[in-house]
Amino acid sequence: MTEFKRTLCTSCDVFCQVRAEVPASGQVGDVHVKASDNKQWRANICIKGVHAPQGFSHPNRVLYPLRRIGERGSGQWQQVSWDEALDDIASRLSKVIDKYGPEAFAVSASSSNLQTDHGMTRRFMNLLGSPNWISGVSLCMGNTSAVNRMVYGWYPYPDYNQTQCIVLFGHDPKPHSWTSIYNAIRRAQDRGAKLIVVDPRKSESAQRADLWLPLKPGSDAAMCFGWIKVILDEELYDKDFVARWTVGFDDFKRRVDEFPLERVAQLTGVPAELIAQAARMYATSGPAVIPWTPITDQQRNSTSAIRLHSALRAICGYLDVPGGEVFHGLHPDIICESELELHEELPEAKRALQLGADQYPVFTHRGMEPLRQATKRVWGREWTNLIGGNYMAHPSAVFRAMRDGMPYPVKAFFALGNNVLMSYANMRQTYDAMMNQDLIVVFEQFRTPTAQLADYILPGDSWLERNALNDSQGWLSIVRPSQKVVEPPGECRGVLDIWFGLAHRMGLGEHFPWSTTEELLDYRLKRLGMTYEEFAEKHVYHFPKPEFKKYERTGFATPSGKVELRSSVLESLGFDPLPYWRDGPPRDERFPLTMFIGVREDEYFQTGHRHIGKLRKRNAEPRFFVSPSDAEVAGVEHGEWAEVVTALGKVKARVEVRPEMPTGVVRVPHGWWQPERAEGDGSLSGAWEFADAQICPDDPDHMDLEQGVPQFKGVACRLQAIENAEGAK
Ligand SMILES: Nc1nc2c(c(=O)[nH]1)N[C@H]1C(S)=C(S)[C@@H](COP(=O)(O)OP(=O)(O)OC[C@H]3O[C@@H](n4cnc5c(=O)[nH]c(N)nc54)[C@H](O)[C@@H]3O)O[C@H]1N2
Ligand SMILES: Nc1nc2c(c(=O)[nH]1)N[C@H]1C(S)=C(S)[C@@H](COP(=O)(O)OP(=O)(O)OC[C@H]3O[C@@H](n4cnc5c(=O)[nH]c(N)nc54)[C@H](O)[C@@H]3O)O[C@H]1N2
Ligand code: SF4
Ligand SMILES: [Mo]
C-alpha cells in the first residue's frame with residue numbers, strides 16, 4: 001500500500017501542508033508531492049512544491065562537505081568528512097574569537113534555517129557571546145513584527161475565515177505565490193468579503209479587487225495618513241476602544257491633521273475621492289484586515305508605514321476580535337524557540353556591541369529592551385523573538401564591520417540557507433565584506449554565488465528529508481509537525497549537526513544535551529507528554545483554545561499597557577514618537593524613472609530553484625516590466641536585453657513591455673543568477689550581471705530612519721539599451 005507522510009513544504013516561506021508519497025526506492029527524486037487532503041487546512045500547493053523533488057535530486061546538489069583548496073572564489077574544492085570539516089571550523093572559529101572576541105563572529109540565516117534550527121543558532125551565539133546575527137527577515141516580516149510590538153506589544157495574524165474586508169498594500173498572493181494566502185483571500189471574497197488593493201500596477205489581486213488605488217511607488221505611508229484622516233474626520237473609528245485602550249490619541253490626531261486629502265492625493269498620485277472611498281470601506285465593512293506586506297518592509301518610510309497600519313487596526317477596533325487581527329501568543333505547552341535561544345545568556349556588555357544598534361535600533365536588542373518587562377507581564381516571557389525578527393544586528397553595519405573592521409573587526413561569517421551576496425542591499429559591499437574574512441562557512445544545498453566564496457560548504461538536508469515542527473516562527477500558536485519522507489542523500493544533514501558538533505568541540509557541550517534533531521523535538525514536546533513521533537502521527541496541527549480580546553485581561557505588552565499611537569519606545573530611542581512622512585530623496589535628472597524590486601516569479605523562491613529544468617523552461621531569463629511609453633523613450637524593444645541603472649550600479653534583464661505598468665515605473669526582478677554557468681571565472685555564475693542587489697542602495701538617504709531597512713520600492717533609475725551603456729561589458 002502506498003504510504004504518505006504529512007510534510008510542510010518549505011520551498012517558500014508560507015509552509016503549506018502537503019502529502020508526500022514515500023517511494024519504494026527511498027530516493028528523494030522519486031517522491032511525489034501532492035496537495036493535502038485535509039479538509040480544514042484545504043489543499044494548498046504550487047509548482048515549486050510539486051517540482052521540489054526534481055530540485056533535490058539535481059546532479060549539482062552538494063552532497064558532501066567541501067573545503068576550499070584554491071583562492072577564495074576560484075571554484076576549487078576538496079571533499080572532506082563532516083568530522084574533518086567541523087574540527088577545522090571549530091579550530092579556526094576559536095582562533096578568530098581568541099584574537100578579536102566573540103563579536104567577531106557573525107551569522108546570516110534565512111527562513112529555511114529559522115524553520116529548522118529550533119533556536120539553536122541564536123543559542124550557540126548567545127552562549128559564545130556574539131550579538132551579530134542577521135537575516136533577510138530584517139526586510140521581510142521580521143522587522144514588521146518589531147514595529148508592531150512597539151505599537152501594541154505583539155504581531156497579530158489576520159482572521160481570513162471571518163473577515164469582512166481585506167486590504168492588500170502591494171502584497172499580491174497568486175496561485176503559485178503564497179498559495180495558502182491566495183486561497184484564503186479567494187475564499188473570503190467568495191463569501192462576500194471586500195478586497196481593496198493599493199498597488200501602482202494593476203496586479204492580479206488588483207484585477208479582482210472592489211477598489212484599486214494606483215499609488216506612486218514608495219508612498220504607502222502617505223496613503224495611510226489619508227485613510228486615517230478620513231476615518232477620524234468622519235468619526236468612523238471605534239471611540240470606545242480609542243478612549244480605553246490607546247495613549248497619545250490627541251497628538252496622533254494633530255499629526256494626522258497635517259495630511260488633508262489634497263496633500264495625500266498629491267503625494268500618492270491617487271484622487272482624493274478614491275482615497276476617501278477606500279478608507280470608508282475599511283472602517284465600515286465590519287472587521288477588516290491588513291495582512292502583512294513586504295512592500296512597507298522595504299521602504300524609506302517603513303517604520304511610519306507599518307505603524308500607520310497598526311494604528312488603522314487599532315482605531316477601527318479590529319485588534320484581537322473575530323474577523324480582525326488576532327494575537328496568537330505562544331503555544332503554552334510547547335517549548336518555544338525563544339526559550340531555547342537563551343537571549344538572557346548574552347552578557348549586557350555584548351548586547352551593547354550589537355552592530356548598527358546605535359543608528360538603527362528598532363529590531364536590535366537596544367530597540368527591544370524597553371518592551372522586556374511588558375512582554376513578560378502579558379506573554380509570560382521577557383525574551384520573545386517573533387519571526388526571528390527581534391534582537392537582530394543591522395545587516396549593512398555587519399557587512400561594513402566585515403569589510404572595514406569598524407567599529408571592530410568581524411572575521412568569521414556563516415551563511416545558513418541564505419544566498420547572502422544577493423539577498424541584501426549593496427552587493428558590492430557584501431562581496432568586499434566576504435572577501436575580507438578569515439573563515440566563511442556556508443550551509444547549503446547548492447553552490448550559490450555566496451557558497452562559491454566559502455571556505456567550507458556544508459551540505460544541507462531538504463524538507464522531504466527531515467523531521468520538523470513549525471509555528472511560523474512564533475507568529476502562530478498553531479504548531480504543526482513535518483514528517484521525514486526519505487533519508488537525505490549523500491552526507492546531507494540538518495543544521496543542528498553543525499551546532500551540536502561545534503558546541504562539543506568548543507566547550508559548550510553541556511548546553512546542547514541532544515544528539516539528534518528528534519531528541520530536541522522530543523524535548524520541545526515534553527510538556528505534552530508525547531514524543532515527536534507520537535505527536536506527528538496524532539496531530540495535523542495542535543493549538544490552544546483561541547481567546548479573543550486578551551488585552552482586557554492582561555493589557556497590551558507595551559510600557560503603558562495600551563496601544564501606543566504615540567510611541568514611548570521610539571521616543572526613548574530618540575525618534576519622533578509619532579508616525580511621519582519624509583520626502584525625498586531629491587530627484588536626480590540622470591535617473592528619470594522609479595524602480596521597484598518585486599513581483600515574485602511563480603517558478604522560483606527568491607534566489608533559488610533556477611536549476612530545476614521544468615521550472616526554468618517556463619521562465620528562462622530575468623525580465624524588466626516596462627510601460628510601452630517608457631520603452632519607447634528609452635529606445636528599447638520588447639524582448640531585447642537592457643539595463644536598469646541606479647546611482648549604485650546596474651543590472652541586466654530582458655525588456656518586457658507590459659500595458660499594466662504605469663508610466664515612469666520599472667519592475668526589476670529579484671534573485672537572478674545562472675546556476676548552469678561554471679564557477680571560478682569571476683562572474684559568480686552571472687550574479688554580477690543579473691542580481692538586483694547590485695542596484696539597491698543602502699546609504700542613509702535610501703534607508704528608513706528607525707530600522708535602517710533599504711528602499712526596494714521607489715528608487716530613482718534609468719532604463720537603457722545595452723549598446724549605449726557606459727562601461728558595458
Ligand atoms: N536584493 C534583495 N534582497 C532581498 C530581497 C529582494 O527582493 N532583493 N527580498 C528579501 C526577502 S522578501 C526575503 S524573504 C529574503 C529571503 O532570503 P532567503 O530566504 O535567505 O532566500 P535566498 O537568499 O534566496 O536563500 C535561500 C538559499 O537557501 C537554500 N536553501 C533552501 N532550502 C534549504 C534548506 O532546507 N537547507 C539549506 N541548508 N539550504 C536551503 C537555497 O538553495 C538558497 O540558496 O531576502 C530578502 N532580500
Ligand atoms: N512564487 C513565489 N512566491 C513567493 C516568493 C517567491 O520568490 N516566489 N517570495 C515570497 C516572499 S519571501 C515574499 S516577501 C512575497 C512577496 O510577494 P508580494 O507580497 O506579492 O510582493 P512583490 O511580489 O514584491 O510585489 C507585489 C506588488 O507590489 C507592487 N508594488 C511595487 N511597489 C509598490 C509600492 O511602493 N507600494 C505598493 N503599495 N505596492 C507596490 C507591485 O506592483 C506588485 O504588484 O512573496 C512570497 N511568495
Ligand atoms: S506556496 Fe508552494 S512553495 Fe510555498 S509552501 Fe506552498 S507549495 Fe511550497
Ligand atoms: Mo520575503
Side-chain angles (χ1 to χ4, degrees), residues 10-14 46-48 55-56 62 108-116 135-142 168-174 176-179 181 197-206 213 215-220 223 291-299 305 415-427 442-446 448-451 458-463 465-466 492-495 594-609 611 625 660-662 665 667-671 691-696 710-714:
T10 64
S11 282
C12 89
D13 50 4
V14 77
C46 83
I47 46 174
K48 295 184 294 304
F56 299 145
V62 182
S108 178
S110 70
S111 46
S112 69
N113 185 66
L114 285 168
Q115 138 90 356
T116 52
S135 170
V137 299
S138 62
L139 37 92
C140 182
M141 198 182 279
L168 298 174
F169 275 84
H171 192 34
D172 186 28
K174 295 187 282 287
H176 298 286
S177 172
W178 267 41
T179 308
I181 304 301
V197 171
V198 184
D199 192 314
R201 197 178 60 97
K202 194 155 192 187
S203 64
E204 288 187 33
S205 300
L213 280 62
L215 83 178
K216 293 184 199 165
S219 65
D220 295 71
M223 178 61 77
W292 160 81
T293 167
I295 309 301
T296 44
D297 284 348
Q298 302 170 354
Q299 280 179 358
L416 307 174
N418 177 212
N419 193 351
V420 176
L421 205 51
M422 300 172 56
S423 296
Y424 290 95
N426 199 348
M427 173 157 142
V442 171
F443 178 57
E444 251 300 344
Q445 294 166 338
F446 293 95
T448 62
T450 302
L458 299 177
D461 59 13
S462 80
W463 54 267
E465 302 154 5
R466 63 184 169 231
C492 294
R493 293 188 185 177
V495 70
T594 301
M595 67 101 181
F596 69 84
I597 310 288
V599 186
R600 300 308 187 193
E601 298 180 14
D602 287 353
E603 297 79 5
Y604 311 119
F605 177 68
Q606 306 295 102
T607 73
H609 296 151
H611 61 285
F625 297 169
E660 93 278 8
M661 285 303 291
V665 181
R667 172 265 186 176
V668 173
H670 170 52
D692 59 300
Q694 298 171 99
I695 61 167
C696 298
Q711 162 123 324
F712 285 176
K713 320 288 174 195

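Each ligand, and each atom within it, is numbered from 1 in the order the structure gives.
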**OP:** Not counting sequence neighbours, which residues clear side chain to side chain donor-acceptor pair (under 3.5 Å) with Gln299? List them please.
**Re:** Asp220

**OP:** May I ask you to check whether Val198 has an N/O atom sitting below 3.5 Å from an N/O atom of ligand 2?
**Re:** yes

Original post:
ligand 2 and Ser177, any nitrogen or oxygen pair closer than 3.5 angstrom?
Top reply: yes

Subject >> Polar atom proximity, Lys174 to ligand 2 (N or O, under 3.5 Å) >> reply: no

**OP:** With sequence neighbours left out, write down each residue that passes side chain to side chain donor-acceptor pair (under 3.5 Å) with Thr179, or none if nothing qualifies.
**Re:** none

Original post:
How far apart are the closest heavy atoms of Gly170 and Asp199, and which atoms are they?
Top reply: O-OD2, 3.4 Å

Original post:
Hey, which atoms in ligand 2 end up nearer than 4.0 Å to a heavy atom of Phe169?
Top reply: 38 (N)

Subject >> Residues which pass side chain to side chain donor-acceptor pair (under 3.5 Å) with Thr116, listed by chain and number, not counting sequence neighbours >> reply: none

**OP:** Would you confirm whether Ser135, through its side chain, and Ser138, through its main-chain N or O, come within 3.5 Å as a donor-acceptor pair?
**Re:** no

**OP:** Could you list the atoms of ligand 2 found under 4.0 angstrom from a heavy atom of His176?
**Re:** 1 (N), 2 (C), 3 (N)

**OP:** Using the side-chain contact (heavy atoms from CB on, under 4.5 Å) rule, take Val599 and Arg201 through it: C-alpha gap first, then chi angles, then the decisive distance, then the call.
**Re:** CA-CA 10 Å; Val599 186; Arg201 197 178 60 97; 3.7 Å; yes

Original post:
Looking only at heavy atoms, which two atoms of Pro662 and Pro200 are closest? And how far apart?
Top reply: CG-O, 3.2 Å

Subject >> Residue Pro217 vicinity, atoms of ligand 2 by number, heavy atom under 4.0 Å >> reply: 34 (C), 35 (O)

**OP:** Using a strict 4.0 Å cut-off to heavy atoms of Glu601, name the atoms of ligand 2 that fall inside it.
**Re:** 1 (N), 2 (C), 8 (N)

Subject >> Under 4.0 Å from ligand 1 - residues by heavy atom, chain and number >> reply: Asp13, Ser110, Ser111, Ser112, Leu139, Cys140, Gln298, Gly417, Asn418, Asn419, Met422, Ser423, Tyr424, Phe443, Glu444, Gln445, Thr448, Gly460, Asp461, Arg466, Ile597, Arg600, Phe605, Gln606, Thr607, His670, Asp692, Ala693, Phe712

Original post:
Quick check: does any side chain N or O of Lys713 sit under 3.5 Å from a backbone N or O of Gln298, one acting as donor and the other as acceptor?
Top reply: no

Original post:
How far does CG of Leu213 sit from CZ of Phe169, to the nearest 0.5 angstrom?
Top reply: 8.0 Å

Original post:
Is ligand 2 less than 4.0 angstrom away from at least one heavy atom of Trp292?
Top reply: yes

**OP:** Heavy-atom contacts with Trp178 under 4.0 Å: which atoms of ligand 2 show up? List them by number with element.
**Re:** 10 (C), 46 (C), 47 (N)

**OP:** Take Asp172 and Ser177, measure what side-chain contact (heavy atoms from CB on, under 4.5 Å) needs, and give me the verdict at the end.
**Re:** CA-CA 8 Å; Asp172 186 28; Ser177 172; over 6 Å; no

**OP:** List every atom of ligand 2 that sits less than 4.0 Å from any heavy atom of Ser203, numbering the atoms from 1 in the order shown and giving each element.
**Re:** 44 (O)

**OP:** Taking the side chain as every heavy atom from C-beta outward, state whether Ile597 and Met595 have any atom pair closer than 4.5 Å.
**Re:** yes

Subject >> Atoms in ligand 2 flagged as close to Leu215, the criterion being non-hydrogen separation under 4.0 Å >> reply: 36 (N), 37 (C), 38 (N)

**OP:** Please confirm whether Thr293 comes under 4.0 Å of ligand 2, counting heavy atoms of the residue only.
**Re:** no

**OP:** Please confirm whether Pro200 comes within less than 3.5 Å of ligand 2 when only nitrogen or oxygen atoms on both sides are compared.
**Re:** no

**OP:** Return yes when Lys48 approaches ligand 2 closer than 4.0 angstrom through a heavy atom, no otherwise.
**Re:** yes

Original post:
Should the ring pair Trp178 and Trp292 be called parallel, tilted or perpendicular, given that the plane angle runs from 0 to 90° and is split at 30 and 60?
Top reply: tilted

**OP:** Go through ligand 2 atom by atom and flag the ones less than 4.0 Å from a non-hydrogen atom of Gln299.
**Re:** 34 (C), 35 (O), 36 (N)

Original post:
Does Arg466 reach the main-chain N or O of Asp461 with its side chain, forming a donor-acceptor pair under 3.5 Å?
Top reply: yes

Original post:
Side chain of Gln606, backbone of Gly608: donor and acceptor closer than 3.5 Å?
Top reply: no

Original post:
Using heavy atoms and a threshold below 4.0 Å, how should the contact between Asp602 and ligand 2 be classified: side chain, backbone, both, or neither?
Top reply: backbone

Original post:
Considering distance alone, does some N or O of Asp172 sit under 3.5 Å from an N or O of ligand 2?
Top reply: yes

